[in-house]
Amino acid sequence: MAGVLVFGDTVGGELTPVSLEVATAGAGLADALGESLLGALIGDDLAVATREFRGGFSSLYLVEDKHYRPYTAQAYLNAAQKVIEACSPSVVLFAHTLGTREWVPRLAAHLDTGLVMDCTVLAAEGKDLVVTKPVYGGGILGEFVVRGGPRMATVRSAVFDPSSAAVATEVVRLDVPVPAPGRVTFVDEATVAAAGGLKLKDAKIIVSGGRGLGGKDNWHFIEETAAALGAAVGCSRPVVDSGWVPSSHQVGLSGTCVTPDLYIAVGISGAVQHLAGISAAKTVIAINMDREADIFTRANYGVVGDFREVLPAFVERIKQLRS
Amino acid sequence: MNILVTLKQVANPDISPSHIQLDPAGKRIVSPFGIPPVMNGYDANALEEALRLREKHGGKVTALGLGDDTSRESLKCAIAMGADTAILINDPDLLNADSAGVGRALAAAIRKIDDFDLILCGRQASDTDGGQVLHWIAETLDLPAVSPIVRIEAVDGRHLTVHRLIEDGYQRLRVELPALLGVSSEINEPRFPTMRGTMAAGRAMIPGWKASDLGLQPFTPKVELRQLQIQLRTSKADLIEGNSAAEQGAALANKLHDLGLI
Ligand SMILES: Cc1cc2nc3c(=O)[nH]c(=O)nc-3n(C[C@H](O)[C@H](O)[C@H](O)COP(=O)(O)OP(=O)(O)OC[C@H]3O[C@@H](n4cnc5c(N)ncnc54)[C@H](O)[C@@H]3O)c2cc1C
């Protein structure tokens with residue numbers, strides 16, 4: 001067994017940015033282990049993704065079929081297993097996504113091997129894979145030695161720089177028959193359009209609201225502020241759990257890790273699980289009534305005050321400055 | 001429908017990093033004095049969903065935990081919320097097991113219980129943030145597993161229709177029973193224990209099973225924890241001052257403008 005295999009992540013055939021970040025993590029490990037770097041993509045309509053998946057891979061394995069859209073765990077698990085059989089890597093890396101959180105642990109169990117998910121540091125010590133993963137919501141870092149063959153890890157987004165290495169010179173297509181739908185069958189998919197059409201992941205500015213907003217009736221404060229700034233709307237978990245906005249807006253450990261230049265947190269206390277999602281935000285602003293709130297330990301600038309008074313004045317001044 | 005719910009007891013996830021404590025070896029999170037451990041939040045959601053399914057479709061709900069003796073508290077709480085029975089695997093040899101070891105032990109216990117249509121687990125534990133144990137259970141028992149679930153829409157005969165979270169919405173899946181679901185917090189708001197439940201919990205006998213009761217072979221961990229390290233934040237934001245909240249708001253806009261951020 002040799003080689004570091006990196007699975008790219010695609011949504012609807014498009015390569016997601018985190019794929020290139022995992023490629024960087026993989027390249028570092030391959031270097032340290034003195035092993036080759038391999039890439040793999042599973043999905044439908046992968047022509048563009050194949051050209052975009054930079055990483056300096058010596059070979060890129062493709063499992064392409066219309067049955068890989070929509071995603072189902074069983075199909076991805078099966079395809080990944082075939083790729084692993086084809087190249088017997090010593091280490092396999094994946095992006096940490098809602099999909100991999102489901103099928104990669106099952107793959108690890110199936111292969112009876114070691115896996116750590118949501119890693120932020122990956123290192124080789126001799127032939128050992130040693131990873132760091134935030135635990136307890138991010139308040140504690142855990143260092144783990146991963147054993148087994150192959151040793152596996154999923155990589156948190158917005159931690160590694162995207163790879164700009166060359167695309168693979170050799171593409172190996174694997175013909176994997178898609179298993180008949182088993183005990184889980186896909187019915188349909190419902191997507192919720194993001195407010196203003198802005199997705200959290202790509203946003204340069206995010207205005208995020210928390211439980212401190214007090215109720216759905218006050219959510220317009222966040223929406224108006226976001227609209228004035230051309231920003232995407234984010235939120236903390238209680239806001240989703242209370243049904244004020246759909247899950248796709250949630251920032252944090254169990255939501256999205258975001259990478260904006262500017263993140264404005266309103267009525268958010270700054271729990272570690274929320275901060276886990278904004279570690280890559282460049283400038284963080286906190287608006288909170290409680291001077292002692294933990295969010296002020298992460299924020300670069302803060303306003304101690306009631307959002308109902310702070311935000312309208314803020315929005316008005318923004319509009320003046322922008323006109 | 002007979003439902004098994006896996007329950008982990010964890011240090012309260014709301015303790016801020018400055019108050020978390022580790023054991024001397026730096027391998028375990030210790031609950032600080034006066035802040036008792038709690039039932040893992042997602043497991044509480046799983047239990048709540050199980051109770052709701054039982055209310056609609058009959059059957060019984062069994063809570064299954066793995067941990068030290070203090071973990072009985074969470075299992076008692078499960079009974080106080082309405083679970084019919086609870087079982088604890090409390091073998092010291094299993095306390096340091098990795099996800100594979102814990103998953104296999106729970107799977108072995110589930111085999112021994114042998115009477116279930118559905119297993120509900122929390123999508124992950126809030127102390128380790130691992131998210132693997134449920135899949136090791138499903139693999140060991142050869143069950144379909146779907147996660148994270150935000151809604152169980154329908155139950156018809158031997159099938160469930162569930163909503164599984166995706167990046168920008170959800171997918172609807174039809175799952176054949178027996179099956180395992182990983183539950184996310186959007187699904188429900190867990191109930192509080194009732195007085196009657198609390199009395200039942202007081203009387204309840206919670207058996208403690210050992211690895212040998214489960215016929216478990218010694219295992220070599222696949223993942224070894226080297227050490228934990230608390231992350232302390234000490235920095236402090238620059239506060240924008242003003243004579244009123246409105247003045248502060250306008251000053252903040254000016255600041256962002258000066259910084260070239262907007
Ligand atoms: C396993 C796990 C995963 C989790 N994942 C996530 C996640 O992905 N994302 C996430 O966000 N959370 C997550 N959480 C939840 C997290 O622990 C916190 O409970 C949550 O982030 C708190 O949300 P909040 O800050 O909005 O609410 P609170 O902590 O209640 O804070 C509300 C804040 O609003 C302020 N406030 C109140 N009124 C006003 C006002 N009028 N004006 C200004 N400020 C006001 C208060 O001072 C307070 O600081 C997770 C928890 C667990 C256990």
Side-chain angles (χ1 to χ4, degrees), chain A residues 11 70 98 101-102 105-106 109-110 113-118 135-137 139-148 182-192 229 240-241 247-248 253 261-262 272 283 286 294 296-306 309-311 313-314 317-318 321, chain B residues 13 16-17 20 29 100 103 126-132 135-136 138-139 144-147 150 161 165-176 179 185-186 222-231 233-240 245-246 248-250 252-257 261-262:
Chain A
V11 174
L98 279 170
R101 282 179 223 200
E102 183 182 45
R106 186 69 183 248
H110 199 71
T113 192
L115 163 72
V116 176
M117 294 206 283
D118 210 12
V135 298
Y136 198 71
I140 298 177
L141 291 182
E143 193 181 72
F144 300 89
V145 185
V146 190
R147 305 192 198 288
R183 293 167 289 179
V184 180
T185 46
F186 177 81
V187 181
D188 57 16
E189 214 161 79
T191 51
V192 195
L229 291 166
V240 169
D241 288 348
S247 305
S248 52
L253 177 74
D261 294 330
L262 178 60
V272 284
T283 302
D294 283 329
F296 290 118
T297 65
R298 170 62 181 90
N300 304 83
Y301 300 96
V303 173
V304 178
D306 190 326
E309 292 160 37
V310 178
L311 284 183
F314 175 72
R317 185 66 189 138
I318 292 287
L321 289 167
Chain B
S16 92
I20 310 175
I29 301 167
S126 63
D127 53 354
T128 57
D129 288 324
Q132 290 196 43
H135 299 286
W136 284 89
E139 178 68 21
V146 184
S147 180
V150 293
T161 306
L165 207 57
I166 54 174
E167 198 94 15
D168 50 0
Y170 60 85
Q171 39 176 219
R172 285 201 304 160
L173 301 164
R174 209 169 127 79
V175 187
E176 188 185 313
S185 55
E186 292 93 330
K222 315 249 174 281
V223 172
E224 181 198 319
L225 171 64
R226 241 193 212 168
Q227 64 159 346
L228 298 173
Q229 202 178 2
I230 296 172
Q231 292 296 98
R233 297 176 174 277
T234 46
S235 64
K236 212 59 188 147
D238 282 347
L239 295 182
I240 311 279
Q248 288 169 293
L252 176 63
N254 291 334
K255 182 83 194 176
L256 296 184
H257 187 71
L261 286 167
I262 51 175

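Just so it is clear: chains get the letters A, B, ... in the order the sequence lines come, proteins before strands, and each one is counted from 1. Hydrogens, waters and symmetry mates play no part in the numbers below; they use all other heavy atoms, side chains included.
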Under a 4.5 Å heavy-atom cut-off, does chain A meet the side chain of B/S185, its backbone, both or neither? both
Most contacts with chain A, counted as non-hydrogen pairs under 4.5 angstrom, among B/V150, B/L256, B/V223: B/V223
What heavy-atom pair brings A/G139 and B/P17 nearest, and what distance separates the two atoms? CA-CG, 4.0 Å
Heavy-atom pairs under 4.5 Å with chain B - which of A/T185, A/V184, A/T191 has more of them than the others? A/T185
In terms of heavy-atom pairs under 4.5 Å with chain A, the winner among B/V175, B/V146, B/L239 is B/L239
Heavy-atom distances under 4.5 Å only: say whether B/A145 touches chain A with side chain, backbone, both or neither. both
A side-chain contact here means heavy atoms from C-beta on lying under 4.5 Å apart; do B/E167 and A/V11 qualify? no
Between the main-chain N or O of B/S147 and the side-chain N or O of A/E102, is there a donor-acceptor pair closer than 3.5 Å? yes
Contact winner vs chain B - A/G142, A/G114, A/G182, A/A190, heavy-atom pairs under 4.5 Å: A/A190
Using 0.5 Å steps for rounding, measure from the CZ atom of B/R174 to the CZ atom of A/F186. 14.5 Å
Given the options A/R298, A/R183, A/E143, which has more heavy-atom pairs under 4.5 Å with chain B than any of the others? A/R183
Could you give the distance from CZ (A/R317) to NE2 (B/H257), rounded to the nearest 0.5 Å? 8.0 Å
For chain B, which of A/L229, A/V304, A/V240, A/L321 has the most heavy-atom pairs under 4.5 Å? A/L321
Residue pair A/G302 / B/A237: nearest heavy atoms and the distance that separates them: N-CB, 4.0 Å
State which residues pass side-chain hydrogen bond (donor to acceptor under 3.5 Å, both in side chains) with B/Q227; sequence neighbours excluded, sorted by chain then number. none
Applying a strict 4.5 Å limit to non-hydrogen atoms, the region of B/S235 in contact with chain A is both
Compare every heavy atom of B/G131 with every heavy atom of A/M117, then report the nearest pair and how far apart it is. CE-O, 3.5 Å
Partner of B/D129 by side chain to side chain contact (heavy atoms under 4.5 Å, CB included), out of A/L253, A/I140, A/D118: A/L253
Sequence neighbours excluded, the answer for salt bridge (charged side-chain N to carboxylate O under 4.0 Å, His left out) partners of A/D261 is A/K282
Spacing of CZ belonging to A/R106 relative to NE2 belonging to B/H135, to within rounding of 0.5 Å: 8.5 Å
Would you compute the distance between atom OH of A/Y301 and atom CD1 of B/I240 and round it to the nearest 0.5 angstrom? 7.5 Å
Test item: A/D188 and B/Q171 side chains (from C-beta on) under 4.5 Å apart, heavy atoms: no
Where on B/L228 is there a heavy atom nearer than 4.5 Å to chain A: the side chain, the backbone, both, or neither? both
With a 4.5 Å cut-off on side-chain heavy atoms, are A/Y136 and B/I230 touching? no
Measure distances from B/I29 to the heavy atoms of chain A and classify the residue's part below 4.5 Å as side chain, backbone, both or neither. side chain
Least distance between heavy atoms, A/L115 atom then B/Q132 atom: O-NE2, 2.7 Å
Heavy-atom proximity to chain A below 4.5 Å, by part of B/A138: both
